Every structure is written in structure tokens, then in C-alpha cells.
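Working notes, structure below.
Only heavy atoms go into these numbers, but all of them, side chains included; no hydrogens, no water, no symmetry mates. No experiment lies behind these values; they were computed from the predicted model shown.
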Amino acid sequence: QVQLVESGGGLVQPGGSLRLSCAASGFNLDYYGIGWFRQAPGKEREGVSCISSDGRRYYADSVKGRFTISRDNAEKMAYLQMNSLKPEDTAIYYCATRYGLGLKCGGDYRYWGQGTQVTVSS
């Protein structure tokens, strides 16, 4: 059974940092791309950052230079390091995965976690 569980969200002040974690189980992560998505109230879901099975990375323009995605296939973990957080980063963040070798950050991500709330506020 494929399962993704996010953790690490919380309340942080502007300019602060958080590291989100995604624990995967029930499948071999080696052949899957991983994505971090977010959805803020009243907005569509946005692809924040994605990493392919061979380590290629994509970042949305809004987070370039501030966020870093990584993965550890042996431990079946993925991470999103978020620095210099802004109030507009406030959203529910979801970890998702897709089977395939290419780098994509939208469309056909099949499996999703429950999400973790990130709130950036003074």
C-alpha cells in the first residue's frame, strides 16, 4: 500500500526556516519522482518543487533561491528545506509522487500525502 506522510510544518516568523519531511512506504522510491505542492486558501494548487528519480530539480519562480528539495532513496524520505519564509508561503504543503524518469512538476502525480500546514506570520 502506497503511503506518504508529511511532517515538519508549523508556525514560523517571516524570515525563518522550516524543513518539511515526507516519509514514503509501500513502494520502491528509486523509480519515482517526488514533488512538493502547496495550496493556499482561495488559490489553486501550485507545484513548489520537484525532484526526478535521478536527482534533477525544479523550483517554482516564487521559491527559487529560498527552498531546496532533496531525497534519500535508501531511507525512503524526501525533504523540502524552506528558508527566508514569507507570509505568502502560508499554505498546506503536500508531498506527492509519480512513477517515471522524467522531471515533471504537475499533471500526473498519482499518490499524495495528507498535507502539513505551514503558517508564516508575525
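- Side-chain contacts under 4.5 Å among hydrophobic residues (ILVMFWY), followed directly or transitively, place M77 together with Y79.
- Evaluation of the side chain to side chain donor-acceptor pair (under 3.5 Å) test over residues 99-113, restricted to residues two or more places apart or in two chains, returns R98-D108.
- Atom CD of E88 is separated from atom NZ of K43 by 7.5 Å, given to the nearest 0.5 angstrom.
- Shown here for G33 and T97, the closest heavy-atom pair between the two residues is O-OG1, 2.8 Å.
- The CZ atom of R45 sits 8.5 Å away from the OH atom of Y94 when rounded to the nearest 0.5 Å.
- With sequence neighbours excluded, the residues that form a side-chain hydrogen bond (donor to acceptor under 3.5 Å, both in side chains) with T119 are Q117.
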Per-pair distances, 0.1 Å, donor-acceptor, side chain in residues 55-64, under 3.5 Å, sequence neighbours excluded:
unit_1, atom_1, unit_2, atom_2, d
R56, NE, D54, OD1, 3.0
R56, NE, D54, OD2, 3.4
R56, NH2, L101, O, 2.8
R57, NE, I69, O, 2.9
R57, NH1, G55, O, 3.0
Y59, OH, I69, N, 3.0
D61, OD1, K64, NZ, 3.2
S62, OG, R38, NH2, 3.4
S62, OG, E46, OE2, 3.2

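- Sorted pairs that involve residues 112-122 and meet salt bridge (Lys or Arg N to Asp or Glu O under 4.0 Å), not counting sequence neighbours, are lacking altogether.
- Residue pairs that meet the disulfide bond (SG atoms under 2.5 Å apart) test with at least one member in residues 41-76, sequence neighbours left out, are C50-C105.
- For the atom pair L20 CG and W36 CH2, the distance stands at 4.5 Å (nearest 0.5 Å).
- Each salt bridge (Lys or Arg N to Asp or Glu O under 4.0 Å) pair with one or both residues in residues 25-36, not counting sequence neighbours, would appear here, but there are none.
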Quiz item: Taking it one step at a time, do N73 and Y31 satisfy side-chain contact (heavy atoms from CB on, under 4.5 Å)?
Solution: CA-CA 10 Å; N73 290 350; Y31 307 113; over 6 Å; no
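- Considering every non-hydrogen atom in both L103 and S52, the closest pair reads CD1-N, 3.8 Å.
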Quiz prompt | Step-by-step side-chain contact (heavy atoms from CB on, under 4.5 Å) determination, L29 to R71 | solution = CA-CA 9 Å; L29 201 61; R71 63 188 293 161; 3.5 Å; yes
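- Taking every heavy atom of both residues into account, A91 and A40 meet most closely at CB-N, 3.8 Å.
- To the nearest 0.5 angstrom, S49 atom OG is 11.0 Å from Y93 atom OH.
- The side chain to side chain donor-acceptor pair (under 3.5 Å) pairs that include a residue from residues 14-25 are S17-N83, where partners are two or more places apart or lie in different chains.
- Judged as a salt bridge (Lys or Arg N to Asp or Glu O under 4.0 Å), not a single pair has a partner in residues 111-122 (not counting sequence neighbours).
- Linking Ile, Leu, Val, Met, Phe, Trp and Tyr whenever their side-chain heavy atoms come within less than 4.5 Å leaves V48 and F37 in two separate clusters.
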Under 3.5 Å donor-acceptor pairs involving side-chain atoms of residues 5-14, not counting sequence neighbours:
unit_1, atom_1, unit_2, atom_2, d
E6, OE1, Q114, N, 3.0
E6, OE1, G115, N, 2.9
E6, OE2, C95, N, 2.7
E6, OE2, G115, N, 3.3

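- Between atom CG of residue L80 and atom OG1 of residue T116 there is a gap of 11.0 Å, rounded to the nearest 0.5 Å.
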